[in-house]
Protein chains: 2
Amino acid sequence: MLSEFDLIKEYFQRPHHAARAALGIGDDCALIAPTPGMQTAISSDMLVEGRHFFAGEDPVRLGHKALAVNLSDLAAMGARPVGFTLALALPEANRHWLQGFSQGLFALADAFNIELIGGDTTKGPLNICITVFGELRPGQALRRSAAKPGDDIWISGTLGDARLALAGYRKEFPLDEAALRTAAVRMHTPVPRVALGVLLAEQGIAHAAIDISDGLIGDLGHILKLSQVGATLDVDALPAGDVLVTQETGLRRAYTAAGGDDYELCFTAPASSRAAISAAAASVATAVTRVGTIDAAGGLRLVDAQGAALDLKLSSFDHFTS
Amino acid sequence: MLSEFDLIKEYFQRPHHAARAALGIGDDCALIAPTPGMQTAISSDMLVEGRHFFAGEDPVRLGHKALAVNLSDLAAMGARPVGFTLALALPEANRHWLQGFSQGLFALADAFNIELIGGDTTKGPLNICITVFGELRPGQALRRSAAKPGDDIWISGTLGDARLALAGYRKEFPLDEAALRTAAVRMHTPVPRVALGVLLAEQGIAHAAIDISDGLIGDLGHILKLSQVGATLDVDALPAGDVLVTQETGLRRAYTAAGGDDYELCFTAPASSRAAISAAAASVATAVTRVGTIDAAGGLRLVDAQGAALDLKLSSFDHFTS
């Protein structure tokens, strides 16, 4: 039988490339040598079977997604990724699962040139907890509390296809197989917007940012609350995913505004940054769209393309009330 | 009903004391400002209900233990604790449990003057994943690979009472209620040997160290393997816990040598460090005992008080084979 130590050695311990980590897997702690003068950004996310992903989910996709959602938090802060730890509870040491999971995980880690520096494995109901580390210069972080009245509100990429795929799996309405397959890519393999977030922070061209995980309205709400501002959001300007854009208006509005699992960035920036933002986004081949304005008056106002008020009765996802 | 955000605010968000963390709970990432010239030590441990603790375990004790086992990893490296993140999966947002858990957690955090800087909460089978951060000067870490032939082997505190308590709970043999209650303190509320570990590292008086979580023999085995050395261990010199010391020799030998859940330090040091180690241990009111010697020849030799070979047929705990 595969022991805990064999499991780590076989699937998670790789040649140490020492770029960032002074000491990786195999001791009581990992050691990293912070770049002088930089702050360390840290984020931790826990993914639970049946909650964040379906039972029996493809392990390659799961390895990708578990790391992607954490990198998305670094992106939202504007931090450059450095490394991560992985704590993993598994019902059994299944070689097929471990092979797939580590493959998906390391493919994404390699794409961002970051290293798995430590962690823990144990038996238990499937649970994946990744903690990522990044670096940024003091004062450059894209804080949720930094939105200013008059700021534009921007969205990277497109929204809603992940939620559409979930609806397809749940058969909430008919969705043909090809459409489901396309939308599901957004659900299973989100692409963290790290390059964009880092540029926005390092060039000092954005104020506040958050990554959209629980749905735009709820996540934008965190910015509004912490910045003590309000906003007007043009719901019809929200960029819908490739499949969602072909659906009817009501669904498109609902899923772009409050779909969840998008892992795009929502950020605010002064109007004077428009050209710089477009140039930065183009340089990393990421679409960005202006979708509203930060207001001095509190509250979130949803409007349609004509500027008329919309009442969508949408709510954000909450793990303990939904 | 208690929402995810209310839960965090009510039980886990405390006045930010900004000693170490530049930015705590409430943004996409926490930010810490590393002390110039210091390395960051990182460790992550995952505790699963029914595996690391009994279902229905007292939440105050659990809050203590979840952080203690992580601090113990910093102690084994000789790193000064700075802060930690907490990712928590809960079957339900139970106020009694949350109140107790956060109380136990923060009591220990306050004792070490460290801050909860971020994390995640979600619904799911009870799972607690803490990642701790510490600091140390480059070159001072107590590495598992640093034991040298001729080194003394030392143990902090006492061993085996946690394993004895487990045996008591499992009714593996009769243990009276008072004895069980005393032994159980070691199982439920281990005290991480941070002050000792930090002194050993900062004074440069020890070579290798590990914390004893899976049983001494198994954990010492990691040092031997990574240091490419062997050892002779005087099993009768192993310091038994207050309750275990009253039990018969066979049990005492088995549980001190391979009990598990001790969270004491096992460290190696040259004979020239003996006086300095005794002084350092006394200064932090921690008992230390010499229990053996590192040998150039590979393998672990267990001997009794007379130096005669012992064959205890003991094995270390492994999460996937036991």
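Just so we're on the same page: letters track the sequence lines, and every chain starts at 1. Remember, predicted model here, so these are calculated numbers, not experimental data. Quick note: numbers below take in every heavy atom, side chains included, and nothing from hydrogens, waters or symmetry partners.
The number of heavy-atom neighbours closer than 6.0 Å to CD of B/Q228, taken from other residues, nucleotides and ligands shown, is 12 or below.
Under the 3.5 Å distance criterion, the side-chain polar atoms of A/D27 are left unmatched by any main-chain donor or acceptor of B/R143.
For the set B/P34, B/G118, B/P125, the entry with the most heavy-atom pairs within less than 4.5 Å of chain A is B/P34. With chain A as the partner, the residue from B/I223, B/D28, B/D45, B/V48 showing the most heavy-atom pairs under 4.5 Å is B/D28. With chain B as partner, the option from A/C29, A/S44, A/S43, A/G37 having the largest number of non-hydrogen pairs under 4.5 angstrom is A/C29.
With a 4.5 angstrom heavy-atom cutoff, B/L142 touches chain A only via backbone atoms. For chain A, the nearby part of B/L136 is the side chain; its heavy atoms alone come within less than 4.5 Å. Neither the backbone nor the side chain of B/A79 has a heavy atom closer than 4.5 Å to any heavy atom of chain A. For a residue to count as touching a neighbouring chain, one of its non-hydrogen atoms must lie under 4.5 Å from one of that chain's; by this rule B/T85 touches chain A with the side chain only. Neither the backbone nor the side chain of A/A75 has a heavy atom closer than 4.5 Å to any heavy atom of chain B. Looking at A/T40, both its backbone and its side chain come within 4.5 Å of chain B, counting heavy atoms on both sides. The contact between B/A141 and chain A is made entirely by side chain atoms (from C-beta outward), counting heavy-atom distances below 4.5 Å.
Taking each heavy atom of A/A89 and B/N127 in turn, the nearest pair found is CB-ND2, 3.9 Å. In terms of heavy atoms, A/L74 sits closest to A/G134 at CD2-N, 3.8 Å. The nearest pair of heavy atoms linking B/Y11 to B/S102 is O-CB, 3.3 Å.
Under the ring pair (Phe, Tyr, Trp, His ring centres under 6.0 Å) criterion, A/F133 pairs with B/F133, not counting sequence neighbours.
Ion pair A/E57/A/K65 not flagged as a salt bridge, since none of the NZ, NE, NH1 or NH2 atoms sits closer than 4.0 Å to an Asp/Glu carboxylate oxygen.
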